[in-house]
Engineer: 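Please see the structure below; I have some questions.
In what follows, every chain begins at residue 1, and chains take the letters A, B, ... in the order their sequences are listed.
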Amino acid sequence: MTFLDEIRQIEKKWQKKWQKDQIFVGKIDHSRPKWFVTLPYPYAQGPFHLGHARTYNLGDVFTRFKRQRGNNVLWPMAFHITGTPVLSVSWKIKNKDESEWQKYRDYVSIYEDDKEKIEETVATFGEPENVATYFANKIINDFLRMGFSIDETKQFTTGDLEYNKFIEWQYGILNEKNLITKGNYPILWCINDKNAVGEDDIKDGDESKVEVNEFVGIKFALDNGVFLVAATLRPETIFGATNVWIHPEANYEEIKMDNERWIVSEEATMKLMEQDHKIAVLRKLKGKELVNQEVIVPITRLKIPIYPAAFVDTDHATGVVYSVPAHAPYDYAALVDLQRDEETINDYNLNRDRLEDIKPISLITVKGYGVFPAVELCEKLGVKSQNDKEKLEKATQTIYKDEFYSGIMKENTGEFKGLKVEKAKDVIADKLRENNLAAEIYETSREAFCRCGAQIIVAVLQEQYFLNYGDEKWKETAFKALNSMNIIPEKYRLTFKNTFDWLDKRPCVRKRGLGTEFPLTKGEGWIIESLSDSVIYMAFYTVIQIIRENQIKPEQLKPELFDFVFLNKGSIENVMESTAISEDSIKEMKGSFEYWYPNDFRHTAITHISNHLSFTIFHHVAIFPEKYWVKAFSLNENLLNNGEAMSKSKGNVIPIAHIPEKYSVDLTRLHLASVATADSVLDWRESEVNYAQLRLKRFWEYATSVTNVEKKEIELSFPSKILESSVNSNLKKSLDAMENYNVRDYILNAFFTNLRAIDDYVKLSEHIPKEETDTVLRNIIEKMMLVMSPVIPHLCEELHERMKNEQYISLTEIPDITVSEEDKAYALQAKYLTNLQEDIEQVIKLVKSTPKKIHIYINAEWKNKLYDLAQRIFKDEAVNIGKIMTEAKQVSDLSNHMKDVSDIAKLMMKDPSIFRIEMISSSQQQRAVEEYKEFLNRTFKGAEIIIHTEDQKVSYDPQNKARKSRPMKPALLLE
RNA sequence: GCGGGGAUUGCCGAGUGGUCAAAGGCGCUGGACUUAGGAUCCAGUCUUUAGUAGUUCGGGAGUUCGACUCUCCCUCCCCGCACCA
């Protein structure tokens with residue numbers, strides 16, 4: 001049986017035991033500090049993969065660690081089903097969308113081999129609940145299979161009736177506190193379904209995002225007072241308008257628009273009707289009817305003509321465009337075309353002189369361009385006509401960007417001169433609107449179609465409900481909460497800050513999707529938006545089980561109950577009376593909430609900072625008193641598979657369900673947690689996983705070789721002592737790293753560094769009695785095991801059991817570790833010896849011959865004194881020879897070595913790092929080398945090791961090496 | 001554009017004022033084991049050299065006794081920018 005097979009069996013064995021004994025179920029215990037941890041509940045739309053595993057794995061390591069450090073832990077889990085994606089999946093499955101079917105066949109085949117069974121299962125996905133239920137079950141199984149120490153007895157979904165009641169309560173409070181406001185809001189809208197659409201409702205919506213663009217519809221007055229409304233994204237260019245373009249052959253309509261008369265394209269009328277206007281069509285007309293008429297330009301009051309142009313798209317905004325040939329490439333090209341187009345001029349009977357007179361009007365100065373940027377760019381790109389779409393598109397983009405960010409308004413723009421375009425744009429639009437010369441017109445950023453085939457336009461919803469995150473008081477309190485929270489890693493606090501600053505009104509209800517009906521507009525079909533219903537639910541974990549066990553019905557879950565349980569408002573008598581829930585149940589709920597809350601630690605991926613996690617803070621401060629605000633957020637970056645993002649199209653997704661067999665649970669856990677810090681992108685590379693596997697195997701071999709060794713006190717040799725000391729100090733570093741939630745350093749120190757120490761020990765322990773090495777190894781493994789059990793719990797449980805322990809290691813406390821002075825001294829000696837060995841090796845390499853004798857000269861103690869002195873007086877300043885000589889003269893041990901002192905001082909000045917070191921005395925150095933002598937002798941192929949000390953009389957020193965010895969760096973002579 | 005993050009030795013990636021020529025891994029080279037090995041183990045891996053010295057951490061300037069680490073400027077890369085979970 002291979003190593004992996006062996007540990008896979010062990011993993012299953014312990015998962016079964018944990019499950020059977022329900023050891024991770026959170027139970028109230030007032031004798032221990034509680035620690036309530038949450039990770040965002042998954043949205044069950046498909047299988048979870050290695051990327052999710054990274055996040056939950058880190059959560060589990062933290063949780064297990066806390067549990068093993070004496071905390072009473074609760075880590076519950078639930079599922080999110082609110083929103084539209086699941087609906088969209090079901091719709092496609094029901095409508096036999098082949099690519100969706102295939103996608104879900106692939107998903108189900110992760111868990112199921114039987115082809116028929118797969119088809120049957122996918123067929124059930126026509127019902128949204130079935131999708132959610134199926135994947136929720138799979139995900140929780142995957143998690144348990146990863147050994148995550150979750151309490152799965154407190155599960156619920158956001159579609160549960162009990163949960164709906166809880167959310168209704170939440171929104172009641174938000175409403176009471178005036179944090180919900182109403183207003184108009186533009187959204188993407190299917191004209192067939194008469195409904196809002198999300199990304200997954202739009203054809204190719206995931207590949208090319210559709211956005212809402214806000215145009216300024218500028219009203220150009222005709223002689224009869226009717227407005228020809230031209231839409232633009234660049235209202236500031238109104239000063240450069242030379243004429244208006246319309247499509248001569250297209251259909252336009254004169255409409256009664258609120259209290260005005262407008263002319264816009266037929267298509268525009270239809271769109272405007274959905275944008276909160278009162279509209280009646282007065283008459284239909286062809287574009288050409290308008291040609292040659294004149295309109296008045298707002299602000300400038302110039303009269304300009306209307307000309308025909310084929311490039312005008314009547315299905316884009318109003319289908320009317322005003323021409324700014326100086327700054328708009330399309331306009332310039334169309335103007336040039338028209339001026340040379342005899343046929344059109346004749347057809348529409350255009351006034352030739354008037355047309356010839358039209359010259360671009362420049363109104364913006366922009367660095368890198370002359371007076372007429374559009375003219376310039378058209379010439380540069382070789383635009384031939386207005387049909388040169390590709391080049392014109394490019395020119396338009398370029399000029400838009402350059403002028404927007406670095407353009408300045410010219411003299412001829414009156415009060416706006418000198419303004420940056422970026423600013424002028426808004427100021428001018430505002431001014432136009434104030435004077436009733438412009439109106440907002442919304443358009444999609446690209447032509448888009450619903451999956452039903454109908455066109456998607458922008459509609460303006462009236463009386464839309466918003467969460468008013470812009471509310472000053474609310475924001476202020478949220479900041480207060482943020483400031484008192486622990487954000488891990490700390491660097492992400494800034495992202496929260498920026499998010500808070502930027503947060504403003506946010507629509508919180510939708511017309512579509514699963515979820516909780518909005519309580520303020522019952523019966524109107526408004527559903528609470530999915531990110532807004534998942535922000536305080538951690539509180540719900542503390543009561544759901546009690547609700548279920550006592551068979552409390554959803555309708556009994558009235559606001560007054562939650563007020564009492566969560567906010568300690570009202571009286572139990574009143575609650576009992578209005579809800580008919582027993583006193584015991586209410587007390588139990590309240591007790592449970594008050595015991596577990598607040599949420600001490602919430603871990604997730606960084607993508608949630610700018611939405612979910614920020615909202616969580618906002619809603620907590622709105623609903624709960626300060627003592628119940630979330631204590632800490634912990635975050636991790638995402639994951640790549642061999643340098644690439646995992647995606648269905650690349651076929652490189654590793655589902656969690658494949659992990660146990662493809663790798664092994666503990667191997668995956670170890671590698672995920674140790675290969676990258678939480679705040680860096682983790683690149684999962686097979687060759688590196690392989691390394692982790694070899695190390696894990698090595699650990700397993702060391703460990704299993706000593707599980708039967710008896711514990712006893714024995715006299716330890718020098719290498720054994722060094723090993724114990726270094727393992728001890730590594731474990732200490734490891735625990736310290738976890739204080740800062742640095743899991744990577746935790747594992748590096750506790751596992752990888754210690755394994756190397758053991759490797760080194762084994763190499764030099766050939767002549768140490770097996771009884772001693774076994775005992776030492778067992779002691780060390782036992783300690784490592786405990787510290788490592790949050791990371792590789794299965795293997796550690798097994799070893800723990802083989803070492804005849806009754807209790808689960810998962811429930812065994814990791815003790816504090818202290819590093820004694822003795823440990824430190826051993827560590828320094830070990831370092832000293834390593835350096836010595838390296839020095840010898842280096843010299844051997846250089847001389848390219850095998851030495852028969854190795855003379856080691858250990859420095860005199862006065863040199864240590866000199867180093868100490870230098871460290872003291874040159875702590876924060878440059879080495880000064882005069883100063884050190886003066887000081888040294890005062891010290892008796894040094895004053896008789898002044899010649900040498902001056903030589904060393906020169907060295908120190910050149911390289912101050914030589915004395916800024918931790919040292920051991922020369923006698924300690926000597927002892928260390930003595931202890932190591934035999935090992936050195938063996939390592940260097942039987943070379944005789946001769947130790948000399950500078951303090952005593954050096955018997956043999958032909959090259960006068962002893963003088964060169966320095967603290968921690970003995971001089972060498974190889975012969 | 002705004003906001004954030006980043007640029008380290010062949011590659012990936014630690015390191016945030018001094019034991020740093022810079023952890024660890026990958027790759028490569030040599031050795032061991034072996035019928036074989038794309039397995040495993042051991043060692044080496046900037047240049048130079050009796051353990052020394054020199055040149056490095058995107059480019060440029062500065063602060064400091066001392067900078068990969070701090071400040072400023074520049075170049076390039078990645079991520080977020082709202083109703084989407």
Engineer: Over all heavy atoms of both residues, which pair between A:Val212 and A:Pro186 is shortest? Give the atoms and the distance, please.
Structural biologist: CG1-CB, 4.0 Å
Engineer: Out of B:A43, B:U19, B:U40, which nucleotide sits closest to the side chain of A:Ile917?
Structural biologist: B:U19
Engineer: Does A:Thr499 reach a base, just sugar-phosphate, or nothing at all? Heavy atoms under 4.0 Å.
Structural biologist: nothing
Engineer: In whole angstrom, give me the gap between the P atoms of B:A36 and B:A43.
Structural biologist: 23 Å
Engineer: Under 3.5 Å, is there a donor-acceptor pair linking the side chains of A:Asn749 and A:Asn730?
Structural biologist: no
Engineer: For A:Tyr469 and A:Phe500, I'd like to know if the aromatic rings sit close, meaning centre-to-centre distance below 6.0 Å.
Structural biologist: no
Engineer: Would you check if the distance from the ring center of A:Phe135 to the ring center of A:Phe79 is below 6.0 Å?
Structural biologist: no
Engineer: Just to be sure I understand the rule, does A:Pro970 reach a base, reach only the sugar-phosphate, or reach nothing, if contact means heavy atoms closer than 4.0 Å?
Structural biologist: base
Engineer: Tell me the partner of B:U48, counting only Watson-Crick (N1-N3 plus N6-O4 or O6-N4) or G-U wobble (N1-O2 and O6-N3) with both under 3.5 Å; none if nothing fits.
Structural biologist: none
Engineer: Please work out if A:Lys969 contacts a base, only the sugar-phosphate, or nothing of the nucleic acid, heavy-atom cut-off 4.0 Å.
Structural biologist: base
Engineer: Here's a test for you: under ring pair (Phe, Tyr, Trp, His ring centres under 6.0 Å), which of A:Trp684, A:Tyr663, A:Phe752 qualifies with A:His671?
Structural biologist: A:Trp684
Engineer: Could you tell me which nucleotide pairs with B:C41 by Watson-Crick or G-U wobble geometry, both distances under 3.5 Å, or answer none if nothing does?
Structural biologist: B:G31
Engineer: Can you tell me how far P of B:G24 sits from CG of A:Leu748, to the nearest Å?
Structural biologist: 10 Å
Engineer: Toward the 5' end of RNA chain B, which comes first, A:Ala971 or A:Arg698, by nearest nucleotide?
Structural biologist: A:Arg698
Engineer: Check the phosphate of B:U40 against A:Asn690, side-chain N and O only, distance under 4.0 Å to OP1 or OP2. Yes or no?
Structural biologist: yes
Engineer: Can you tell me which nucleotide in B:C83, B:A85, B:G18 comes closest to the side chain of A:Asn611?
Structural biologist: B:A85
Engineer: Reading RNA chain B from 5' onward, which residue's closest nucleotide shows up sooner: A:Leu974 or A:His608?
Structural biologist: A:Leu974
Engineer: Within less than 4.0 Å of OP1 or OP2 of B:A43, is there a side-chain N or O belonging to A:Lys763?
Structural biologist: yes
Engineer: Would you mind telling me which of B:U49, B:G25, B:A82 lies closest to the side-chain atoms of A:Gln842?
Structural biologist: B:U49
Engineer: Work out how far the P atom of B:A67 is from that of B:U19, and round it to whole angstrom.
Structural biologist: 11 Å
Engineer: Does A:Asp501 reach a base, just sugar-phosphate, or nothing at all? Heavy atoms under 4.0 Å.
Structural biologist: nothing
Engineer: Can you tell me, in whole Å, how much space there is between the C1' of B:G10 and that of B:C84?
Structural biologist: 42 Å
Engineer: From the set B:A82, B:G5, B:A50, return the single nucleotide nearest to any side-chain atom of A:Arg506.
Structural biologist: B:A82
Engineer: Rounded to the Å, how far apart are A:Ile873 CD1 and B:G18 P?
Structural biologist: 21 Å
Engineer: Using the C1' atom as the point on both nucleotides, what is the distance between B:U47 and B:U52, in whole Å?
Structural biologist: 13 Å
Engineer: Distance check, P atoms only: B:G59 and B:U69, in whole angstrom units.
Structural biologist: 11 Å
Engineer: Which of the following nucleotides, B:A85, B:C41, B:U19, is nearest to the side chain of A:Leu531?
Structural biologist: B:A85
Engineer: Check each of A:Gln959, A:Lys853, A:His855, A:Lys852 against A:Glu975 using the side chain to side chain donor-acceptor pair (under 3.5 Å) test, and report the only one that passes.
Structural biologist: A:His855
Engineer: Strictly below 4.0 Å: does A:Thr677 bring a side-chain N or O up to OP1 or OP2 of B:G13?
Structural biologist: no
Engineer: If I pick the P atom on B:G44 and the same atom on B:G66, what distance separates them, to the nearest angstrom?
Structural biologist: 35 Å
Engineer: Just name whichever nucleotide pairs with B:C2, Watson-Crick or G-U, keeping both distances under 3.5 Å, else none.
Structural biologist: B:G80
Engineer: Just to confirm, is there a sub-4.0 Å distance from OP1 or OP2 of B:G80 to any side-chain nitrogen or oxygen of A:Ser610?
Structural biologist: no
Engineer: For A:Glu490 and B:U16, what is the distance between atoms CD and C1' respectively, to the nearest whole Å?
Structural biologist: 15 Å
Engineer: Would you mind classifying the nucleic acid contact of A:Leu973 as base, sugar-phosphate or nothing, using non-hydrogen atoms under 4.0 angstrom?
Structural biologist: base
Engineer: Would you indicate which nucleotide in B:A85, B:C65, B:U52 comes nearest to any side-chain atom of A:Pro85?
Structural biologist: B:A85
Engineer: Using the C1' atom in both, what is the distance from B:G27 to B:C11, to the nearest Å?
Structural biologist: 7 Å
Engineer: Which base, if any, makes a Watson-Crick or G-U wobble pair with B:U55, both distances under 3.5 Å?
Structural biologist: none
Engineer: Let me know the distance between NZ of A:Lys491 and C1' of B:G3, rounded to the nearest Å.
Structural biologist: 15 Å
Engineer: Nearest whole Å is fine: how far is B:G27 C1' from A:Glu686 CD?
Structural biologist: 17 Å
Engineer: Take atom CD of A:Gln693 and atom P of B:C41, then tell me their distance rounded to the nearest Å.
Structural biologist: 11 Å
Engineer: Tell me which nucleotide among B:A14, B:C65, B:G25 gets nearest to the side chain of A:Arg916.
Structural biologist: B:C65
Engineer: Could you check how far NE2 of A:His612 sits from P of B:A82, rounded to whole Å?
Structural biologist: 20 Å
Engineer: Assign A:Asp683 to base, sugar-phosphate, or nothing according to its heavy-atom contacts below 4.0 angstrom with the strands shown.
Structural biologist: nothing
Engineer: Would a line drawn from the ring center of A:Trp526 to the ring center of A:Tyr465 be shorter than 6.0 Å?
Structural biologist: no
Engineer: Taking the C1' atom in each of B:U48 and B:G54, what is the distance between them to the nearest angstrom?
Structural biologist: 7 Å
Engineer: Go ahead and name the base partner of B:G18; Watson-Crick or wobble counts if both distances stay under 3.5 Å, otherwise write none.
Structural biologist: B:C65
Engineer: Check if the side chain of A:Asp839 and the base of B:G51 share a donor-acceptor pair of N or O atoms closer than 3.5 Å.
Structural biologist: yes
Engineer: Side chain of A:Arg744 only, heavy atoms from C-beta on: which candidate in B:A23, B:C42, B:G5 is closest?
Structural biologist: B:A23
Engineer: For A:Tyr857 and A:His948, what are the C-alpha separation, side-chain angles and deciding distance, and is it a side-chain contact (heavy atoms from CB on, under 4.5 Å)?
Structural biologist: CA-CA 5 Å; A:Tyr857 300 90; A:His948 308 272; 3.4 Å; yes
Engineer: Side-chain N or O of A:Arg756 versus OP1/OP2 of B:G24: is the shortest distance under 4.0 Å?
Structural biologist: no
Engineer: Measure from the side chain of A:Glu918, starting at C-beta and using heavy atoms only, and say which of B:U19, B:A14, B:C81 lies closest.
Structural biologist: B:U19
Engineer: Looking only at the side chain of A:Thr84 (C-beta and beyond, no hydrogens), which of the listed nucleotides B:A85, B:G6, B:C42 gets closest?
Structural biologist: B:A85
Engineer: Report which part of the nucleic acid A:Ser534 touches: base, sugar-phosphate, or nothing (heavy-atom distance under 4.0 Å, all strands).
Structural biologist: nothing
Engineer: Please determine whether side-chain hydrogen bond (donor to acceptor under 3.5 Å, both in side chains) holds for the pair A:Gln837 and A:Thr834, giving the CA-CA distance in whole Å, both sets of side-chain angles, and the decisive distance to 0.1 Å.
Structural biologist: CA-CA 5 Å; A:Gln837 196 182 327; A:Thr834 312; over 6 Å; no
Engineer: Can you measure A:Lys961 atom NZ to B:G51 atom C1' for me and round it to whole angstrom units?
Structural biologist: 8 Å
